[in-house]
Protein chains: 2
Amino acid sequence: MEKAPEKQSIDRRVVIEMLQRHDVTPTQQRVEIAQMLFARPQHLSADQLLAQVNSESNHVSKATVYNTLNLFARKGLVREVIVDPSRVFYDSNTSQHHHFFNVDTGELTDVPLPTLSMEQLPSLPQGTVAAGVDVIIRLRSAD
Amino acid sequence: MEKAPEKQSIDRRVVIEMLQRHDVTPTQQRVEIAQMLFARPQHLSADQLLAQVNSESNHVSKATVYNTLNLFARKGLVREVIVDPSRVFYDSNTSQHHHFFNVDTGELTDVPLPTLSMEQLPSLPQGTVAAGVDVIIRLRSAD
DNA sequence: GTCAGTGCAAACCCTTTGCAGAAAG
DNA sequence: CTTTCTGCAAAGGGTTTGCACTGAC
């Protein structure tokens, strides 16, 4: 077995507090999922997260991963990123930022610098309120 | 039966030329789909389009609608709009514009005016070229 | 005839759901 | 105890695919 290069997860206590602050009961599975997910800013599909969580130690079921991600999204702990019809990505960074999506590789990354023009919103349709703005720059691998 | 308020489809010949200009062989089914789709700027899912095409006159199969929409997208005749993990929308307007998506109603609409700031692209990751920019403003219905 | 296009049904795959057992407080 | 959560397997639902048939040239 290989030596883990660095601790891939953050402190349990920190995660538990984070969950509680968002009104999420910190069950064992949720904490484990959150430790993996919030270890660093990243974009994971449910399946990728499932694999990562179950690669080290304990086992969390697929249903629980899906349920938990939906819960986290509802509670504002993660941001759903919808760029690929075949799967949803979950972004552990909920602060406002934009994305590159490489349609050839399926890779999703952050636009590094605060996007130049923070456009102010156009006037919204009557009876609606803004819930968020998604900016996705689709890329292709050159040649 | 109700009187059709206005012709819902555009001239066959116009559509056929449009397909040919995009290297798409104008088969009967494709022309029919295109007539429906390009009658006006709109956002339709494959299923909605299937229903619309088959409501008046001839029959086109579900497989053909899906195949055709993929073909049209590949050939640049329509723009895929990915905002909802449960289904892809096809936009008959391929010119650069932004979208509102009401997450409560599932309604997809255009941002009416040229969005104020046409932000210039940030520098792209090495080895990639831009393929398009999607701006989606998610809305909720104000109670 | 040849080759592309179509239709049908089955296959796919991600995601959700029903329900019984387990855990949290 | 009571309520919420988890796990399993099955169901769901949009989309794709295999394959035989049709049609255009």
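Throughout, protein chains are lettered first and strands after them, A, B, ... in sequence-line order, and every chain is numbered starting at 1. These numbers come from the heavy atoms of this one structure, side chains and all, not from hydrogens, waters or symmetry mates. The shown structure was predicted, so the numbers you read here are calculated from the model rather than taken from an experiment.
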Stepwise side-chain hydrogen bond (donor to acceptor under 3.5 Å, both in side chains) check, A:Asp47 with A:Ser45: CA-CA 5 Å; A:Asp47 233 44; A:Ser45 66; over 6 Å; no
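Between A:Asn70 and C:dT16 there is a side-chain polar atom (N or O) within less than 4.0 angstrom of OP1 or OP2. Checking the phosphate oxygens (OP1, OP2) of C:dT15, a side-chain nitrogen or oxygen of A:Tyr66 falls inside 4.0 Å.
Atom-to-atom, CG of A:Asp47 to P of C:dT15 comes out at 7 Å; the value is rounded to the nearest Å. When rounded to the nearest whole Å, the span between CG of A:Leu44 and P of C:dC14 equals 15 Å. Look at CG on A:Asn54: it is 9 Å from P on D:dG7, rounded to the nearest Å. One atom, CZ of A:Arg74, and another, P of C:dT16, lie 10 Å apart when rounded to the nearest Å. Atom CZ of A:Phe89 and atom C1' of C:dC14 are 13 Å apart (whole Å). Taking atom CZ of residue A:Arg87 and atom P of nucleotide C:dT16, one finds them 15 Å apart after rounding to whole Å.
The neighbour count for A:Gln20 CD, taken as heavy atoms of other residues, nucleotides or ligands under 6.0 Å away, is above 12.
In this structure, A:Ser86 reaches the sugar-phosphate backbone alone: every heavy-atom distance under 4.0 Å involves primed, P, OP1 or OP2 atoms, never a base.
Pairs of residues two or more places apart, or lying in two chains, that qualify as ring-ring contact (aromatic ring centres under 6.0 Å, His included) and include a residue from residues 11-46 of chain B are B:His43-B:His99. Under the ring-ring contact (aromatic ring centres under 6.0 Å, His included) criterion, no residue pair touches residues 64-95 of chain B, with sequence neighbours excluded.
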Letter per nucleotide, 5' to 3', of nucleotides 4-11 of chain C [B base touched, S only sugar-phosphate touched, - untouched; heavy atoms, 4.0 Å]: -SSBB---
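The closest donor-acceptor contact from the side chain of A:Ser92 to the backbone of A:Arg40 lies under 3.5 Å. B:Arg138 places no side-chain N or O within 3.5 Å of a backbone atom of A:Asp134 that could act as its donor or acceptor partner.
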